[in-house]
Amino acid sequence: MSRLTDLSLREARGGLTRRSFSARELTEAHIKACEAARPLNAYMAETFDQALAMADESDRRIKAGQGRLLEGMPLGIKDLFCTKGVASTACSKILKGFKPPYESTVTAKLWEAGAVMVGKTSMDEFAMGSSNMTSCYGAVTNPWRRKGDNRPLVPGGSSGGSAAAVAARTCLGATGTDTGGSIRQPAAFCGLVGLKPTYGRCSRWGIIAFASSLDQAGPIARSVHDCALLLQGMAGYDRKDSTSVDKPVPDYTTVLSGSVKGLKVGVPEEYLVEGMPDEIDELWQKGIAWFRAAGAQVIDIKLPHTKYALPTYYIIAPAECSSNLARYDGVRFGLREKGGDLTELYSNTRAAGFGAEVRRRILIGTYVLSAGYYDAYYLKAQKVRARIAGDFREAFKQVDIVLTPTAPSPAFGIGEMMDDPIAMYLNDVFTVPASLAGLPAMSVPAGLSGDGLPLGLQLIGRPFDEETVLRAGGFLETAAQFTAKPAWLEGGHA
Amino acid sequence: MAIDTTTVLKIARLARIAVKPEECAPLAQEINGILAWVEQLNEVDTKDVEPMTSVVAMELPRRKDEVTDGNIRDAILANAPEAEAGFFVVPKVVE
């Protein structure tokens with residue numbers, strides 16, 4: 001039998017049902033893998049005792065014939081999710097030591113479905129970043145390496161710890177959150193499938209807020225089917241989140257027919273951006289050819305406001321973050337620095353607790369919301385956002401799904417791109433538009449770069465049409481036959 | 001609309017983030033870089049466009065104005081950096 005950590009979530013489920021191994025054995029195998037993978041720094045907290053207790057409960061259930069959807073499945077949980085009694089810090093110094101007395105809705109649903117938490121995964125501080133470099137627990141190393149080059153690479157971000165953890169086979173899947181690409185870009189960088197559902201599909205309750213009109217939870221896993229299973233466990237209406245949408249959750253695994261015959265696939269010319277490496281465009285063309293060969297109808301579409309998505313995002317997201325992060329004041333939880341009076345206590349605490357990127361975004365957000373600048377920046381951005389969403393609405397009159405690259409480059413080196421915030425922001429050029437429009441979008445590993453790193457293609461769907469995204473994604477996965485493995489699994493990072 | 005160090009100090013005060021004098025110039029430069037970059041939004045015609053305030057077109061759900069939670073003082077105070085006798089402790093506010 002192959003190693004238990006090499007199984008997909010779907011296969012592991014089958015194995016548990018057939019009693020080929022126990023949930024405890026499955027969890028123990030992943031705990032061992034976690035321990036071996038500590039040099040990657042993917043987890044900010046390990047919860048092995050809890051994991052084993054959860055696995056034992058799963059074994060009891062399975063024995064009693066009461067196995068649930070994700071019974072016994074070891075998962076990594078992004079540190080943005082509040083988990084009861086377990087450190088939940090958004091990888092920020094300002095929340096160090098915070099142990100929530102409650103559980104986020106999404107993780108509560110996963111536990112109710114039988115899943116097992118092996119640990120909390122690292123991320124960019126408050127989910128602000130595309131490299132995982134801004135985590136207060138230090139950089140996370142991507143399990144992949146360039147061919148013949150042993151320099152460490154970033155796993156992407158902000159859900160970089162989740163992606164590295166799944167790619168290194170330390171868990172069968174992980175939760176991520178995506179505000180502007182934070183599930184899709186790390187999934188692409190680590191050769192994984194990452195799905196950002198429609199805004200409102202998964203509850204935001206108990207997820208530490210960054211930009212509330214954009215934040216959405218979703219799965220990162222090693223296959224489309226695994227993502228479908230995880231989404232099934234995560235999605236659903238929650239009255240505790242006023243933007244959660246009360247729509248039934250379909251059975252996502254039944255839509256993976258593999259057929260895209262007659263599917264109308266939109267290809268937006270605006271995603272051919274200047275300076276994009278040829279190999280990314282070539283992969284995109286390959287993807288188009290696969291769909292065409294399978295009987296899909298490929299249609300050129302226009303999304304004219306695409307180039308304005310990033311600057312729009314970098315007004316809206318900081319504005320919302322400056323408001324959301326006002327709660328970190330050194331009084332009710334987390335870090336406190338001394339101050340002569342209350343204002344000084346606030347200011348000193350926040351100066352010491354927030355990292356450079358978070359501080360920068362809070363300051364920009366405060367500025368664009370301040371008297372005299374609100375209309376010029378924030379209101380303008382909200383209007384451009386309406387135009388961007390309108391572009392997609394028009395396009396979806398013609399097509400069922402949009403196919404684009406996920407990121408403009410493969411994973412880059414640790415420490416690169418740190419000097420210029422805008423260069424870092426450009427990582428999200430293809431993922432931010434769907435976020436602004438609130439649309440479901442998924443990255444599927446589709447090929448390797450010239451130097452042997454995974455590249456992803458993105459599928460964007462209509463609101464609440466995760467089914468078509470998953471169906472097209474399942475097809476893309478089969479067509480691409482992505483079987484390459486990260487260097488970490490081929491003998492580690494010597 | 002380039003911002004200067006005085007504006008940086010003003011924003012930092014509004015955001016309640018202490019900024020050291022030597023940090024002001026680099027911060028101003030970074031923020032100006034980003035603000036110059038977002039200027040391109042002015043190319044977009046947004047006449048008669050309603051600002052998008054919500055992704056999903058739906059009414060904000062309402063519920064009855066009644067207590068649904070509570071009596072969890074100790075849980076709320078459990079993470080406080082400083083608490084005493086059931087209260088959060090802060091520096092003296094009223095002289």
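In what follows, every chain begins at residue 1, and chains take the letters A, B, ... in the order their sequences are listed.
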What part of [X] lies closer than 4.5 angstrom to a heavy atom of chain A: side chain, backbone, both or neither?
{"X": "L27(B)", "answer": "side chain"}
{"X": "S54(B)", "answer": "neither"}
{"X": "A78(B)", "answer": "neither"}
{"X": "V93(B)", "answer": "side chain"}
{"X": "L60(B)", "answer": "side chain"}
{"X": "E30(B)", "answer": "side chain"}

Looking only at side-chain N and O atoms, does [Y] offer a donor or acceptor that is under 3.5 Å from a partner on [X]?
{"X": "D329(A)", "Y": "T349(A)", "value": "no"}
{"X": "R385(A)", "Y": "S213(A)", "value": "yes"}
{"X": "T306(A)", "Y": "D391(A)", "value": "no"}
{"X": "S203(A)", "Y": "S244(A)", "value": "no"}

Point to revise | Stacked cation flag K247(A) on F464(A), 6.0 angstrom / 45 deg | key: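 Judged by the rule, K247(A) and F464(A) form a cation-pi pair.
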Heavy-atom proximity to chain B below 4.5 Å, by part of [X]:
{"X": "L363(A)", "value": "both"}
{"X": "Y425(A)", "value": "side chain"}
{"X": "L436(A)", "value": "backbone"}

Review point. Can you tell me if CZ on R63(B) sees more than 12 non-hydrogen neighbours from other groups inside 6.0 Å?
Key: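 Yes, enclosed.
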